A.B. asks: 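Below is a structure I'd like to ask you about.
Heads up: numbering here begins at 1 and tracks the sequence. The structure displayed is predicted, hence computed values, not measured ones.
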Amino acid sequence: MSRVPPAIFSPNRRAMAQLRADRMQSLPVAARFLVEDVADDLADRLSFLRHAPQRSLVIGDRAGVLARTLPAASAVAPFDLEQPWPVEGYDLIVLSFMIDTANDLPGALIHARRALAPGGLAFVTLLGAGSLPVLREVMLAADSDRPAPRLHPQVDVRAGGQLLQRAGYASPVVDSRSLKVRYGQLESLVADLRAQGLGNVLADRGPQLNRAALNRAREAFAALADNEGRVTETFEILTLSGWR
């Protein structure tokens, strides 16, 4: 009997968050620094590997940033990444911050591998462990003596390697790098997360912040500011890659 994965994330809330991110990415001022960093990194890696895919699939590229790096990239209708994929035969599959909220993360990676052509490469990015330490601290201050689930569980390098091996990838590689972003307001940080499809979609998200809790969060955020009134947040980009 197959084991049903725990429902950590809400599929309905995830779909709504992705629709909201799609709308926000249609604006020229929307935050897209994560996918821009991924595009630069992917171009460097493909050049080093001398892998020139003729048929690519990119999922999570709302503003077309990665498509400019991969002119042969395909667009497909949205589908459930945790179920067998309705596509196959790709030389390259890029998943840009799209399986962070998969309840069956190993399953999603297995389906991605099966959608590759023999010798194809999967390139997957997630927000890794170590991300958003400021937001975590601020949310703890907001909830005071009753901490609530606010931020998603995250994968570290070791767990990433185990996931690739479990999913059957050849020559798996896992690494991470930090991206630092400075903010003047807590609301700006939250808006950037939502614009990039990284808002809270936990099945149990805890109670909404009331006015007092929101004020505590803002005060905790302001207490971390530097001499210029800015707070530096960390985004740890975890990259998983492997071959079929």
A.B. asks: Could you give all pairs that pass the side chain to side chain donor-acceptor pair (under 3.5 Å) test and reach residues 65-81, with sequence neighbours left out?
C.D. replies: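 Side chain to side chain donor-acceptor pair (under 3.5 Å) check on residues 65-81 returns no pairs.
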A.B. asks: Please answer whether the main-chain N or O of Ala67 pairs with a side-chain N or O of Asp61 as donor and acceptor at a distance below 3.5 Å.
C.D. replies: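 Indeed, once roles are kept as given, a pair shorter than 3.5 Å links the two residues.
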A.B. asks: Could you give all pairs that pass the salt bridge (charged side-chain N to carboxylate O under 4.0 Å, His left out) test and reach residues 16-41, with sequence neighbours left out?
C.D. replies: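 For residues 16-41: Asp22-Arg62, Asp37-Arg177, Asp41-Arg45, Asp41-Arg177.
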A.B. asks: Is a side-chain donor or acceptor of Asp156 paired with a backbone partner of Ala129 at a separation under 3.5 angstrom?
C.D. replies: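 A pair under 3.5 Å: no.
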A.B. asks: How would you list, by chain and number, every residue that makes a side chain to side chain donor-acceptor pair (under 3.5 Å) with Arg150, sequence neighbours excluded?
C.D. replies: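 Applying side chain to side chain donor-acceptor pair (under 3.5 Å) to Arg150 gives Asp143.
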A.B. asks: Could you note down all residue pairs passing salt bridge (charged side-chain N to carboxylate O under 4.0 Å, His left out) where residues 208-232 supplies at least one of them, sequence neighbours left out?
C.D. replies: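 For residues 208-232: Arg182-Asp226, Arg182-Glu228, Glu187-Arg218.
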A.B. asks: Tell me whether Arg13 contacts the main-chain N or O of Leu202 through its side chain, where contact means a donor paired with an acceptor under 3.5 Å.
C.D. replies: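 A pair under 3.5 Å: yes.
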A.B. asks: Please check: side-chain N/O of Glu233 versus main-chain N/O of Leu189, any donor-acceptor pairing under 3.5 Å?
C.D. replies: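 No, because the side chain of Glu233 does not come within donor-acceptor range (under 3.5 Å) of the backbone of Leu189.
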A.B. asks: Ring pair (Phe, Tyr, Trp, His ring centres under 6.0 Å): which pairs involve residues 117-136, sequence neighbours left out?
C.D. replies: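 The answer is none; no pair qualifies.
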A.B. asks: I need the full list of salt bridge (charged side-chain N to carboxylate O under 4.0 Å, His left out) pairs touching residues 104-115, with sequence neighbours left out, sorted by first then second residue.
C.D. replies: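 Sorted pair list comes back empty.
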A.B. asks: Let me confirm one number: the CG-CD distance from Leu179 to Glu236, rounded to the nearest 0.5 Å.
C.D. replies: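 If we round to the nearest 0.5 Å, Leu179:CG and Glu236:CD are 9.5 Å apart.
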A.B. asks: Is there a donor-acceptor pair under 3.5 Å between the side chain of Ser47 and the backbone N or O of Asp44?
C.D. replies: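 The answer is no, because no donor-acceptor pair under 3.5 Å joins these two groups.
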A.B. asks: Work out which heavy atom in Pro6 is nearest to a heavy atom in Asn103; give both atom names and the distance.
C.D. replies: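 Minimum heavy-atom separation between Pro6 and Asn103: O-OD1, 3.4 Å.
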A.B. asks: Are Phe97 and Leu132 grouped together when hydrophobic residues (ILVMFWY) are joined by side-chain heavy atoms under 4.5 angstrom apart?
C.D. replies: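 As far as the 4.5 Å side-chain criterion goes, Leu132 and Phe97 are connected within one cluster.
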A.B. asks: Can Val35 be reached from Val58 by stepping across I, L, V, M, F, W or Y side chains whose heavy atoms are under 4.5 Å apart?
C.D. replies: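 Linked, Val58 and Val35 end up in one cluster.
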A.B. asks: Quick one: list whatever passes side chain to side chain donor-acceptor pair (under 3.5 Å) with Glu82, sequence neighbours left out.
C.D. replies: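 Per chain and number, Glu82 pairs via side chain to side chain donor-acceptor pair (under 3.5 Å) with Arg14.
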A.B. asks: Just verifying a value: how many Å separate Ile59 CD1 and Phe79 CZ, rounded to the nearest 0.5 Å?
C.D. replies: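 Going from CD1 on Ile59 over to CZ on Phe79, the span is 4.0 Å.
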A.B. asks: Please list all pairs meeting ring pair (Phe, Tyr, Trp, His ring centres under 6.0 Å) that have one or both residues in residues 179-235, counting only residues at least two apart or in different chains.
C.D. replies: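 Of all non-adjacent pairs touching residues 179-235, those that pass ring pair (Phe, Tyr, Trp, His ring centres under 6.0 Å) are Phe33-Phe235.
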A.B. asks: Checking Ser188 now: which residues fulfil side chain to side chain donor-acceptor pair (under 3.5 Å) with it, not counting sequence neighbours?
C.D. replies: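 Expected list: none.
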A.B. asks: For residues 49-76, which residue pairs pass the ring pair (Phe, Tyr, Trp, His ring centres under 6.0 Å) check, not counting sequence neighbours?
C.D. replies: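 The answer is His51-Trp243.
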A.B. asks: List the residues meeting side chain to side chain donor-acceptor pair (under 3.5 Å) with Gln165, not counting sequence neighbours, and say none if there are none.
C.D. replies: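 For Gln165 there are no side chain to side chain donor-acceptor pair (under 3.5 Å) partners, ignoring immediate neighbours.
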A.B. asks: Anything under 3.5 Å between a donor and an acceptor, one on a side chain of residues 83-96, the other on a protein residue two or more places apart or in another chain? List them.
C.D. replies:
{"residue": "Trp85", "atom": "NE1", "partner": "Leu81", "partner atom": "O", "Å": "3.0"}
{"residue": "Asp91", "atom": "OD2", "partner": "Gln54", "partner atom": "N", "Å": "3.1"}
{"residue": "Asp91", "atom": "OD2", "partner": "Arg55", "partner atom": "N", "Å": "3.0"}

A.B. asks: Testing the basics here: between Ala167 and Pro106, what is the closest heavy-atom pair and its distance to 0.1 Å?
C.D. replies: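 Closest approach of Ala167 to Pro106, heavy atoms only: CB-O, 4.3 Å.
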A.B. asks: State the CG-CG distance between Leu186 and Leu135, to the nearest 0.5 angstrom.
C.D. replies: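 The CG atom of Leu135 is 6.5 Å from CG of Leu186, to the nearest 0.5 Å.
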